[in-house]
Amino acid sequence: MDFIFIEELRVKAWVGIYAREKTGPQTVELNLTFGVPDAAAEHDDIADTIDYAVVTQRIREELGQRHFNLIESLGEFVVRMLFDEFGAPWVKLKVAKIGVMKDVRRVGVFIQRGRDGSLPPHTG
Ligand SMILES: Nc1nc2c(c(=O)[nH]1)N=C([C@H](O)[C@@H](O)CO)CN2
């Protein structure tokens, strides 16, 4: 399996348990790795893979139009999108809020999962 990675993607998202977090979006940072079929590299054809430009666009669209209380729920939503909409066989996602707590640069959730419940491969 090959892997596509997207690093330090910043997206406006509605997320948080506090009233102030429900009146406007805040920037979250995503680091995302997902499996793609090896056929993409063999055939040199975008139709055989998952288009990372479309993935980032869809994440922006979805996170801009719904509210999550928990960063865990937001993370699960993105992972499910990769499985259900893009057919990714395996996903690793780290999503973080930036500067929301004193003396903490980032806080968030890390999810690593195979679509069929398989164990994560070693991705280095
Ligand atoms: N496990 C979690 N703890 C907390 C979350 C969360 O999403 N998951 N969120 C908050 C607040 O929204 C906080 O980020 C605002 O600064 C607190 N704890």
Side-chain angles (χ1 to χ4, degrees):
M1 193 190 302
D2 292 345
F3 298 89
I4 295 290
F5 61 88
I6 301 171
E7 292 184 342
E8 298 182 21
L9 170 65
R10 291 194 169 201
V11 175
K12 290 282 186 197
W14 298 73
V15 55
I17 59 175
Y18 298 132
R20 67 173 184 276
E21 296 180 292
K22 296 179 180 177
T23 57
Q26 61 185 292
T27 302
V28 294
E29 186 181 276
L30 291 92
N31 284 277
L32 181 62
T33 303
F34 50 89
V36 291
D38 296 343
E42 285 164 28
H43 303 150
D44 197 23
D45 188 342
I46 191 73
D48 290 335
T49 189
I50 299 172
D51 185 332
Y52 53 73
V54 177
V55 170
T56 58
Q57 178 198 332
R58 289 289 299 123
I59 290 172
R60 270 190 212 292
E61 283 172 6
E62 292 294 336
L63 298 192
Q65 68 183 25
R66 65 188 73 239
H67 178 270
F68 301 91
N69 286 316
L70 301 179
I71 198 84
E72 293 93 320
S73 309
L74 185 157
E76 286 289 340
F77 179 86
V78 172
V79 168
R80 274 265 63 94
M81 261 184 76
L82 266 293
F83 289 155
D84 297 345
E85 189 172 325
F86 293 96
W90 183 87
V91 176
K92 180 169 85 171
L93 171 71
K94 192 161 124 179
V95 52
K97 290 181 177 179
I98 304 161
V100 292
M101 282 196 301
K102 187 176 179 314
D103 299 330
V104 175
R105 192 189 304 269
R106 292 185 186 83
V107 62
V109 68
F110 176 81
I111 302 169
Q112 188 166 300
R113 191 164 305 148
R115 193 174 54 199
D116 59 0
S118 60
L119 290 173
H122 179 70
T123 55

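Both counts, for ligands and for their atoms, begin at 1 and track the order of listing.
Within 6.0 Å of atom CZ in Phe110, more than 12 heavy atoms from other residues, nucleotides or ligands are found, so the atom counts as buried in its surroundings. No more than 12 heavy atoms of other residues, nucleotides or ligands lie within 6.0 Å of OH in Tyr52, so this atom counts as exposed by the packing criterion. Around atom CG of Asp84, more than 12 heavy atoms belonging to other residues, nucleotides or ligands sit under 6.0 Å away.
Contact annotation: the side chain of Leu63 approaches that of Val78 to within less than 4.5 Å [non-hydrogen atoms, C-beta and beyond].
Every atom of ligand 1 with a heavy atom of Leu70 under 4.0 Å away is listed here by number and element: 6 (C), 7 (O), 8 (N). Counting the atoms of ligand 1 from 1 in the order shown, those under 4.0 Å from a heavy atom of Gly16 are 12 (O). In the vicinity of Glu72, heavy-atom distances shorter than 4.0 Å reach the ligand 1 atoms 1 (N), 2 (C), 6 (C), 7 (O), 8 (N).
For Met101, the closest heavy-atom approach to ligand 1 does not fall below 4.0 Å.
Between the side chain of Asp38 and the backbone N or O of Asp2 there is at least one donor-acceptor pair closer than 3.5 Å.
Atom CZ in Arg60 sits 11.5 Å away from atom CZ in Arg10 (nearest 0.5 Å). Rounding to the nearest 0.5 angstrom, the gap separating the OG1 atom in Thr49 from the CZ atom in Phe34 is 7.0 Å. Taking CD1 of Ile59 as the reference point, atom CG of Leu82 lies at 6.0 Å (rounded to 0.5 Å).
In terms of protein heavy-atom proximity, atom 7 (O) of ligand 1 is nearest to Ile71 N, 2.8 Å. Among protein heavy atoms, atom 12 (O) of ligand 1 sits closest to Glu21 OE1, 2.7 Å.
Of the options Gln26, Lys22, Lys97, the smallest heavy-atom separation from atom 14 (O) of ligand 1 is shown by Lys97.
Considering both main-chain and side-chain atoms, Ile17 comes within under 3.5 Å of ligand 1 through a nitrogen or oxygen pair. Between Tyr18 and ligand 1, a contact under 3.5 Å exists for no N or O pair.
Residue contacts with ligand 1 for Arg20 involve side-chain atoms from C-beta outward but no N, CA, C or O (heavy atoms, distance under 4.0 Å).
Counting only heavy atoms, the protein never gets under 4.0 Å from atom 4 (C) of ligand 1.
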